[in-house]
Amino acid sequence: MNQSWDEEYKNMWDNRYKNTEYAYGKTPNLFFKEWLEKFEPGSILLPADGEGRNGVFAAQLGWKVTSTDLSAEGRSKALLLAEEQHVTIDYIVGDLEQLTFPPASFDAVALIYAHFAAGKKSLLHRKLNNFLKPGGIVIFEAFSKTHIHLKLADPKVGGPKDVDMLFSKAELTADFENYDIIMLEEAETLLEEGIHHTGKGAVVRFVGRKR
C-alpha cells in the first residue's frame, strides 16, 4: 500500500531525528531567542518543535512549555535535552490538525520553521490563534517563497522542496489578521543551525500581538 503524504512526512522526520546528532543543533533559533527574551514568561506553545532546542530554551527562561511534533524520535531527543539542561517540558506527539487545547490557554505561540502541508498551513495558523490569549504573542520565522532558488543552489541550507509550503508576508498578514504587527519582514540570513540549516536562506519573520 502506498503511504499517504502525511505518513511520508512523519517518516522523514523520524528518520532525521533518530540519529544521535541533533539535526538543527541544541541551541535555540537566534530570532526566537532574541524576541522571546523581550517578554515576561508565561505559557508557550511550540508546534513542530522537533528535537526541542527552542522549547528547552524557553523553559530555561521560566516559560511553561508545551511542544508538539509529528515525530516520536524528536520527542525522545527533546526530553534528553531538557534533562541535560535541568528543565521540564510537556511534549505531545501528534498531527497538529488532530490536537486541541482549551481556548485562550497560551500566552505565546512560536512557529520556528514550522512548515506544514500547503493545503493546511493557513488552517493550522487560524486554529493556533484560538489557543492564544488576547494580548498573546506569536513569534514566527520560516523560509519564504524566494528561498526555493537558494535551496536549489545549495541544498544544505534546507527547507521544503514545494514552494507552496513556503511563506510570504501577504499570507501571514491574512492568517494573523487580528494581530497588531510588531515586526514583519522578508530577509536573507546566514543559517548555522546543525547540519540541516547551513548556508544562505531567505526567510519571513513575524512578531504579532493578538488583539
Side-chain angles (χ1 to χ4, degrees), residues 13 17 22 24-116 120-142 167 172 175-184 193 204-211:
W13 292 113
Y17 294 150
Y22 279 68
Y24 301 99
K26 293 183 176 182
T27 57
N29 170 265
L30 292 177
F31 179 76
F32 173 69
K33 177 180 184 295
E34 173 192 351
W35 279 93
L36 192 68
E37 290 175 337
K38 297 177 187 290
F39 302 111
E40 286 297 316
S43 56
I44 185 169
L45 176 63
L46 291 100
D49 197 30
E51 296 164 312
R53 63 193 178 109
N54 295 312
V56 167
F57 174 74
Q60 290 177 282
L61 293 184
W63 289 80
K64 181 182 178 183
V65 175
T66 301
S67 298
T68 80
D69 202 273
L70 291 170
S71 173
E73 298 284 353
R75 179 181 186 273
S76 296
K77 299 273 282 295
L79 296 182
L80 282 174
L81 183 60
E83 183 178 2
E84 182 181 294
Q85 298 299 324
H86 309 293
V87 296
T88 59
I89 61 174
D90 184 18
Y91 196 115
I92 302 167
V93 175
D95 187 335
L96 186 61
E97 193 174 20
Q98 310 302 325
L99 298 179
T100 190
F101 300 95
S105 54
F106 293 97
D107 298 295
V109 173
L111 291 158
I112 306 300
Y113 296 95
H115 289 275
F116 305 115
K120 297 180 182 179
K121 60 185 187 179
S122 289
L123 293 174
L124 291 175
H125 286 169
R126 293 184 177 117
K127 179 177 182 177
L128 290 168
N129 172 66
N130 294 327
F131 306 146
L132 188 65
K133 297 174 184 177
I137 296 295
V138 167
I139 302 173
F140 178 103
E141 180 177 272
F167 296 97
L172 294 180
D175 289 353
F176 298 102
E177 61 183 353
N178 59 325
Y179 286 70
D180 292 324
I181 296 173
I182 299 172
M183 73 93 67
L184 176 64
E193 300 183 322
V204 179
R205 295 168 172 152
F206 167 68
V207 181
R209 187 184 299 275
K210 184 176 177 180
R211 297 191 194 110

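Hydrogens, waters and symmetry mates are skipped; everything else that's a heavy atom, side chains included, is used. Note that the numbering runs from 1 along the sequence shown for the chain.
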Distance col, row L172:CG vs L184:CG, nearest 0.5 angstrom, shows 6.5 Å

In this structure, CG of L132 is separated from CD1 of I44 (nearest 0.5 Å) by 10.0 Å

The side chain to side chain donor-acceptor pair (under 3.5 Å) partners of Y17 (sequence neighbours excluded) come to none

Those residues at least two apart in sequence (or on a different chain) that pass side chain to side chain donor-acceptor pair (under 3.5 Å) with E177 are none

Residue pairs passing the side-chain hydrogen bond (donor to acceptor under 3.5 Å, both in side chains) test with at least one member in residues 32-42, sequence neighbours excluded, are K33-E37

Do H125 and F206 have ring centroids that are under 6.0 Å from one another? no

Sorted by chain and number, sequence neighbours left out, side-chain contact (heavy atoms from CB on, under 4.5 Å) with S122 holds for R126, D175

By side-chain contact (heavy atoms from CB on, under 4.5 Å), L80 pairs with (sequence neighbours left out) Y22, E83

In short, salt bridge (Lys or Arg N to Asp or Glu O under 4.0 Å) pairs touching residues 42-66 with sequence neighbours left out are E51-K77, R53-E193

All heavy atoms of T88 vs all of A59, minimum pair found to be O-CB, 3.8 Å

| Any Lys/Arg nitrogen of D69 or R75 sitting under 4.0 Å from an Asp/Glu carboxylate oxygen of the other? | no

Suppose we screen for ring pair (Phe, Tyr, Trp, His ring centres under 6.0 Å). Which residues come up paired with [X], at least two apart in sequence or across chains?
| X | result |
| --- | --- |
| F57 | none |
| F39 | none |
| Y179 | F176 |

message: Tell me whether L30 at atom CG has more than 12 heavy atoms from other residues, nucleotides or ligands lying less than 6.0 Å away.
response: no

For this session: Check whether any side-chain N or O of N54 sits under 3.5 Å from a backbone N or O of N29 as a donor-acceptor pair, and report yes or no.
Result: yes

K210 meets the salt bridge (charged side-chain N to carboxylate O under 4.0 Å, His left out) criterion, sequence neighbours left out, with none

Identify all side-chain donor-acceptor contacts of residues 106-114 below 3.5 Å with residues at least two apart in sequence or on another chain.
from: D107; atom 1: OD1; to: K133; atom 2: NZ; distance (Å): 3.1
from: D107; atom 1: OD2; to: S43; atom 2: N; distance (Å): 2.8
from: D107; atom 1: OD2; to: S43; atom 2: OG; distance (Å): 3.1
from: Y113; atom 1: OH; to: E141; atom 2: OE2; distance (Å): 2.8

Can I get a per-line list of side-chain donor-acceptor pairs under 3.5 Å for residues 89-104, giving both atom names and the distance, sequence neighbours left out?
from: Y91; atom 1: OH; to: G50; atom 2: O; distance (Å): 2.5
from: D95; atom 1: OD1; to: E97; atom 2: N; distance (Å): 2.9
from: E97; atom 1: OE1; to: K120; atom 2: NZ; distance (Å): 3.0

